[in-house]
**Q** 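One structure is given below, represented as structure tokens, and several questions about it will come after.
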Amino acid sequence: MKFILSALPTAMMTVAVMSVPVMTYASTDTDSIEVSDDVTPVAVTQIIDVDSLTDNNKPTVAPFHTVPNPQHAESQALSTLVDPITHKAVDNSYALDVSSFLSLEQAQKLLVQVSPKIAANQAAIAASEYQTDALRTIDNPLVFARVSASAYHLDEDVDLSSLRSGIVNEVNNGLDNIVPPTADLPDFGELVGERIPDSYNLKRSGSTSGAGLGVVWPIYTAGRTDALTGASDARTQEAMADSVLDKNELYNTLIERYFKAQLAIIAAYLREDAYDTLQQTDHMAERLFEEGFISRVDRLEAQSALADAKSESVNANNDARLAMIALQRLLRTDYRIKPTTPLFVSSRPLPDVSYFQDLALNNHPGLQKVAAKRAQAQQLHALSDTGYKPTVLLYGYGQVEKDPSWVAGISASWKLWGGLDKAASLASSSAKIRQADLSEIEVSDNLLLLVEKNWHDVNNAQSRYQALQSNVDLAAEVLRLRRLGLQEGVNTTVDVVQAQTQSLKARTEQAQAANDYVQSLAALMQSCGTPLAFNAYLNAADIQLPTLYTEQ
């Protein structure tokens with residue numbers, strides 16, 4: 001994609017001209033909006049996306065969007081799609097039709113659907129919930145079946161020589177003790193030995209089978225199951241708090257990139273407006289030089305200022321393109337995102353800082369995460385305490401045979417010694433509970449201080465924007481007089497260039513102050529744990545800066 005510059009007359013523009021700040025005033029009594037139309041008609045330059053020249057209104061299908069809501073996915077076919085940024089395949093995804101023209105609210109909704117970080121956090125929460133569900137059935141009876149079948153074949157030569165010698169000796173010794181030696185008697189030991197072979201070949205084969213049914217039921221575990229499931233629930237709550245923290249941070253990043261793109265577009269227009277003005281000044285200087293009214297040095301100064309203005313205009317246009325790419329990457333599209341929500345400032349004062357501090361203490365996910373950590377420590381303490389209590393089981397097993405046999409009973413077991421030190425485990429979990437309590441105090445203090453800082457930043461940006469309005473008006477009037485003076489020969493081209501520089505500086509500083517206001521307000525809402533409350537202040541703002549792109 002490339003950006004091209006196209007000079008358009010004011011009558012063809014669908015947005016307000018950038019040369020003079022435009023303010024809109026929201027009435028506190030009615031819903032009507034009064035827009036100042038005191039705008040000086042000048043030629044401006046529009047930043048155009050080459051790929052959108054054919055059809056800007058046609059939505060493009062983004063190739064990768066994860067499923068944030070299972071109910072939404074039921075109406076769409078899930079498939080494996082490719083992420084446009086990393087080109088990695090992602091399972092269980094569906095495509096979305098996304099316009100390249102997005103308001104901030106539309107971008108916020110899209111961000112939740114396409115962010116891989118949010119999708120990863122959802123998977124972590126689901127895994128933790130499933131783990132808790134798995135632990136809930138740990139005390140249920142365990143019924144198992146055993147089936148076995150085997151076949152065997154034995155073929156072995158057994159050495160009997162040592163056995164025969166032993167038997168012969170035993171027989172002879174036994175007869176010697178009972179019957180006195182007689183020459184006529186036979187050798188009974190040899191007679192017995194002759195009947196025993198030196199080896200015997202053993203061959204056996206056959207098969208066996210068996211089946212049985214057993215049950216084990218832990219009827220008392222001293223609360224171990226409740227402690228385990230409670231700890232797993234607390235880990236789920238921690239994962240949810242982490243997910244909210246990441247989501248709030250992403251909302252803040254979106255606002256940062258969204259309005260930085262708007263600021264960069266305004267800066268590009270201001271630079272282009274300055275370049276157009278200096279082109280007219282250069283043309284006038286050329287005529288005056290040809291007629292002998294100004295020196296060659298004045299003519300060269302006008303040419304040098306024009307060259308600098310052109311370079312700065314090109315750089316500003318590139319910065320705007322880069323800012324739009326950053327927004328595109330965050331929303332994971334393969335085409336430019338054109339922001340339609342303008343920079344804004346509200347002239348109304350903010351509520352007292354205590355209001356926002358109370359919001360932070362009640363809503364910030366950092367405190368919710370600390371609470372989840374404390375719940376985990378409490379459940380670990382309860383689990384450690386069960387080490388002093390017994391475990392009672394019912395059990396039974398029966399053989400499924402022609403003449404079945406069975407066994408059943410109850411058993412209780414205590415750990416008397418060994419394994420983990422129960423006292424040390426209890427002390428460790430108690431220390432973790434204390435750690436969580438002290439962490440809550442520290443996090444609360446830091447949040448209150450952060451809210452205070454952000455609140456002051458918003459007020460400072462608001463007052464600075466309002467103070468710079470007089471500078472903008474003064475610089476615009478001085479530039480007008482200097483250009484008239486150049487035509488009358490009263491002023492030099494240097495005077496015009498300096499006046500143009502001051503006008504550009506004043507308008508740029510005021511736009512930057514508006515962006516500072518927006519970013520500080522977003523930071524304040526994030527520190528309160530209510531990032532989407534930013535939209536209420538946006539909708540109620542009575543000052544809006546011009547914007548290039550409008551709702552399609």
Side-chain angles (χ1 to χ4, degrees), residues 127-171 173-174 192-233 235-236 379-426 429:
S128 183
E129 289 176 341
Y130 286 132
Q131 186 178 35
T132 302
D133 293 340
L135 288 172
R136 294 189 195 283
T137 61
I138 197 172
D139 274 352
N140 290 357
L142 173 63
V143 179
F144 63 93
R146 186 187 66 84
V147 178
S148 66
S150 60
Y152 65 90
H153 174 74
L154 179 63
D155 187 354
E156 184 68 26
D157 289 330
V158 181
D159 185 9
L160 301 179
S161 58
S162 58
L163 177 63
R164 186 182 63 175
S165 299
I167 292 176
V168 169
N169 293 333
E170 288 295 329
V171 171
N173 293 334
V192 173
E194 289 177 356
R195 295 182 176 275
I196 299 175
D198 291 335
S199 63
Y200 178 76
N201 182 252
L202 180 63
K203 290 185 178 182
R204 293 290 186 273
S205 62
S207 62
T208 61
S209 62
L213 189 65
V215 60
V216 176
W217 187 0
I219 58 175
Y220 178 73
T221 58
R224 293 184 184 90
T225 301
D226 293 338
L228 288 173
T229 54
S232 184
D233 276 331
R235 282 193 295 269
T236 301
Q379 295 300 330
L380 288 176
H381 186 81
L383 183 62
S384 299
D385 192 39
T386 62
Y388 295 97
K389 300 175 183 177
T391 299
V392 180
L393 300 174
L394 290 178
Y395 64 90
Y397 184 78
Q399 292 282 3
V400 182
E401 297 176 352
K402 182 178 180 181
D403 297 320
S405 58
W406 56 270
V407 61
I410 184 171
S411 69
S413 61
W414 289 261
K415 188 184 80 169
L416 300 178
W417 182 82
L420 294 177
D421 190 309
K422 291 178 287 189
S425 296
L426 286 172
S429 56

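As the structure is a prediction and not an experimental result, all values here were calculated from the model. Along the sequence shown, the residues carry numbers beginning at 1.
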**Q** Going by the rule side chain to side chain donor-acceptor pair (under 3.5 Å), which residues pair with S232 if we only count those two or more places apart in sequence or in a different chain?
**A** T132
**Q** Less than 4.5 Å apart, any side-chain heavy atom of T391 and any of R224?
**A**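 SC-SC contact between T391 and R224 confirmed.
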**Q** Could you grab the distance from atom CG of L228 to atom CD1 of I138, nearest 0.5 Å is fine?
**A** 6.0 Å
**Q** What's the shortest heavy-atom distance between A134 and T137, and which atoms?
**A** O-OG1, 3.2 Å
**Q** Taking side chain to side chain contact (heavy atoms under 4.5 Å, CB included) as the test, write out the residues that go with D226, two or more places apart.
**A**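 By the side chain to side chain contact (heavy atoms under 4.5 Å, CB included) rule, D226 matches no residue at all.
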**Q** Compare every heavy atom of S429 with every heavy atom of L426, then report the nearest pair and how far apart it is.
**A**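 Where L426 meets S429 most closely, the heavy atoms are O-OG, 2.9 Å.
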**Q** Might you point out which heavy atoms bring E129 and T236 nearest each other, and give the distance in Å?
**A**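 Closest approach of E129 to T236: CG-CG2, 3.6 Å.
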**Q** For residues 205-216, which side-chain donor-acceptor pairs fall under 3.5 Å, sequence neighbours excluded?
**A**
residue, atom, partner, partner atom, Å
T208, OG1, S150, OG, 2.5

**Q** Looking at Y220, I'd like to know if its OH atom is crowded, meaning that more than 12 non-hydrogen atoms belonging to other residues, nucleotides or ligands lie closer than 6.0 Å.
**A**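 More than 12 heavy atoms, drawn from other residues, nucleotides or ligands, come within 6.0 Å of this atom.
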**Q** Once you round to the nearest 0.5 Å, how far does OG of S425 lie from CG of L383?
**A** 8.5 Å
**Q** Tell me the closest heavy-atom pair linking A222 and K389, and the distance in Å.
**A**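 The answer is CB-CB, 3.4 Å.
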**Q** Considering only heavy atoms from C-beta outward, does the side chain of I219 approach that of I410 to under 4.5 Å?
**A** yes
